[in-house]
Undergrad: 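Below is the structure I would like to discuss, written out as C-alpha cells.
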Amino acid sequence: MPERHYRLCLLPGDGIGPEVISAAVEVLHAAARRFGFTLASGSYPMGGAGLIAAGDPLPAATLAAAQAADAVLLGAVGAPEFDREPPARKPESGLLRLRSALGAFANLRPIRHYPGVGSIPLKDEWAAGADFLIVRELTGGIYFGQPRGFEASRQAAFNTMRYSVGEIERVARVAFALAAERRGKLASVDKANVLETSQLWRETVTRLAPDFAGVSLEHLYIDNAAMQILLRPRDFDVILTANLFGDILSDEAAVLAGSLGLLPSASLGGPVGLYEPVHGSAPALAGQDVANPLGAILSAAMLLRHSCREPQAAAAIEAAVLRALEDGLRTRDLDAARPLGCRAMAAAVIARL
Ligand code: IPM
Ligand code: MG
C-alpha cells in the first residue's frame, strides 16, 4: 500500500484568491478524513502578494516550495494597484513563470452545463448536455515567444507566436489520450488559414492521429470554433488548442457552465501539477465572503485525481458540488437574488461529501 500522505503548496494570491483557497482546503481536509489519507500544506505569497512580501510576483522561496510539493493549488493573481508595473513585475508574469518552471504544458479545463444554473442569459436548453474538455497549450506560443517588447519610441510593440513540433506533439498526445478515455472526439482549433504556427500545428496533430485509432479528429479555425461551441456545444468532447486561443475559448465556454466561477483547471506535464480556478482575482469582490468557491473546490478535486491518485475522493467532491447545485444553492455570481457566501457554499459542499 503506497503512503497516502500528500504535501500541498498553497498559493492564495490576490483578490478573492485567499477566500476560495481556504474554502477548497477545508473541502480537501474533509475528503481526507472521509477517504483516509492525510494532507500537509504550506501557504506562500504569489502575484501581487509576492510583490508586497518579497518584491517579486514569484518569490524564489515560493517557487522552491512549489517545486518541492506533491501538488500546487493556486487561487488567483492580479491586483489593480500593480497594473502599471513594468512587464516583469506584473502579478500575471509570476503566474506565467510558475507555469513554465513547473513544466505544466497541458492545461485541462473541463466545461459542463449544470441544469438550471447560471446568471448568464443563454437558454438552458442550448447548453443542456454540454460536457467537454479544453486542452490548452500553456507554456508556449505567443505568451512566451521571443522577441517581444516595445520599441524604444513606444510607438510600436511586438510579440512572437512560436511553436516547435515537440511542443505541439506533447500537448496533442495528452489531448488524444484524454479523448480516448472520453467519447473519442478531438477537435483541434487553430488559425491555419493565416498563421504558419497553426499550419505546423495542424500538420503535427494530423500526423499523430493514426497513433490513436479510436479517436476521430476534426480541425476548426478559431473564429469558427468560437461560434460552434455555442451553436452545437454537445458535439464537442475534447478541444485542443494553443495558449492564446485556449485562454479566450475557455472564458467563452464558461457561458455554458453558467459562470466563470464554476470552472476548474489542472496544468500537467511536469513533475508537479498546478491547479487553479479559471476565474481571476476579482478585486471588487475580495474580502466580502461573496466569491464562488466552486471553481477552486473542483480544482482541488482535479488535484486529488491527477496528482494524488485519489479518484474516489475526487469523484466524491465533484458529486457533492453537483448535489449542492441541484439543491438550489447559489453564490452571488449564479443568482444575485438569494446568494450564499463563499464560506457557506464550502460548508454546503462538505455537508454533502
Ligand atoms: C487564465 C488567465 C491567465 C492567462 C492570466 C491571469 C495570466 O487569464 O488562466 O486564463 O492568460 O493564462
Ligand atoms: Mg484567461
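As the structure lists them, so they are numbered: ligands from 1, and atoms in each ligand from 1. Just the heavy atoms: all of them, side chains too, but no hydrogens, waters or symmetry mates, feed the values below.
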Undergrad: Determine the minimum heavy-atom distance between L263 and S250, stating which atoms define it.
TA: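 Residues L263 and S250, closest heavy atoms: CD2-O, 3.6 Å.
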
Undergrad: Between D131 and R112, is the closest basic N to carboxylate O distance under 4.0 Å?
TA: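 Judged by the 4.0 Å cut-off on N to carboxylate O distance, R112 and D131 do not form a salt bridge.
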
Undergrad: So, with waters excluded, how many protein N/O/S atoms does the Mg ion (ligand 2) have closer than 2.8 Å?
TA: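 My tally for this metal is 1.
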
Undergrad: Between D247 and Y143, is any side-chain donor less than 3.5 angstrom from a side-chain acceptor?
TA: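 D247 vs Y143: donor-acceptor pair found between side chains.
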
Undergrad: Filter on salt bridge (Lys or Arg N to Asp or Glu O under 4.0 Å), then keep only pairs touching residues 51-72, sequence neighbours left out; what's left?
TA: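 Residue pairs with at least one partner in residues 51-72: R7-D70, D56-R97.
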
Undergrad: Test T331 against every option in L262, N292, L285 by the side-chain contact (heavy atoms from CB on, under 4.5 Å) rule and name the one that passes.
TA: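 With T331 as partner, side-chain contact (heavy atoms from CB on, under 4.5 Å) holds for just one option, N292.
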
Undergrad: Tell me every residue that passes side-chain hydrogen bond (donor to acceptor under 3.5 Å, both in side chains) with K90, counting only those two or more places apart in sequence or in another chain.
TA: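 Partners of K90 under the side-chain hydrogen bond (donor to acceptor under 3.5 Å, both in side chains) test: none.
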
Undergrad: Do NZ/NE/NH1/NH2 and the carboxylate oxygens of R4 and E310 come within less than 4.0 Å?
TA: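 Salt bridge present between R4 and E310.
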
Undergrad: Testing the 3.5 Å rule here: is there a donor-acceptor pair between the side chains of S307 and Y275?
TA: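 Yes, because at least one side-chain N or O of S307 sits under 3.5 Å from a partner of the opposite role on Y275.
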
Undergrad: Every pair of nitrogen or oxygen atoms between ligand 1 and the protein that is under 3.5 angstrom apart - can you list them with their distances to 0.1 Å?
TA:
unit_1, atom_1, unit_2, atom_2, d
ligand 1, 8 (O), D247, OD1, 3.2
ligand 1, 9 (O), R99, NH2, 2.7
ligand 1, 9 (O), R109, NH2, 2.7
ligand 1, 10 (O), R109, NH1, 3.1
ligand 1, 10 (O), R109, NH2, 3.1
ligand 1, 10 (O), R136, NH1, 3.4
ligand 1, 10 (O), D247, OD1, 2.8
ligand 1, 11 (O), Y143, OH, 2.6
ligand 1, 11 (O), D247, OD1, 3.4
ligand 1, 12 (O), R99, NH1, 2.7
ligand 1, 12 (O), R136, NH1, 3.2
ligand 1, 12 (O), R136, NH2, 2.8

Undergrad: Taking everything shown except R162 itself, do over 12 heavy atoms lie less than 6.0 Å from its CZ?
TA: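 No, not enclosed.
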
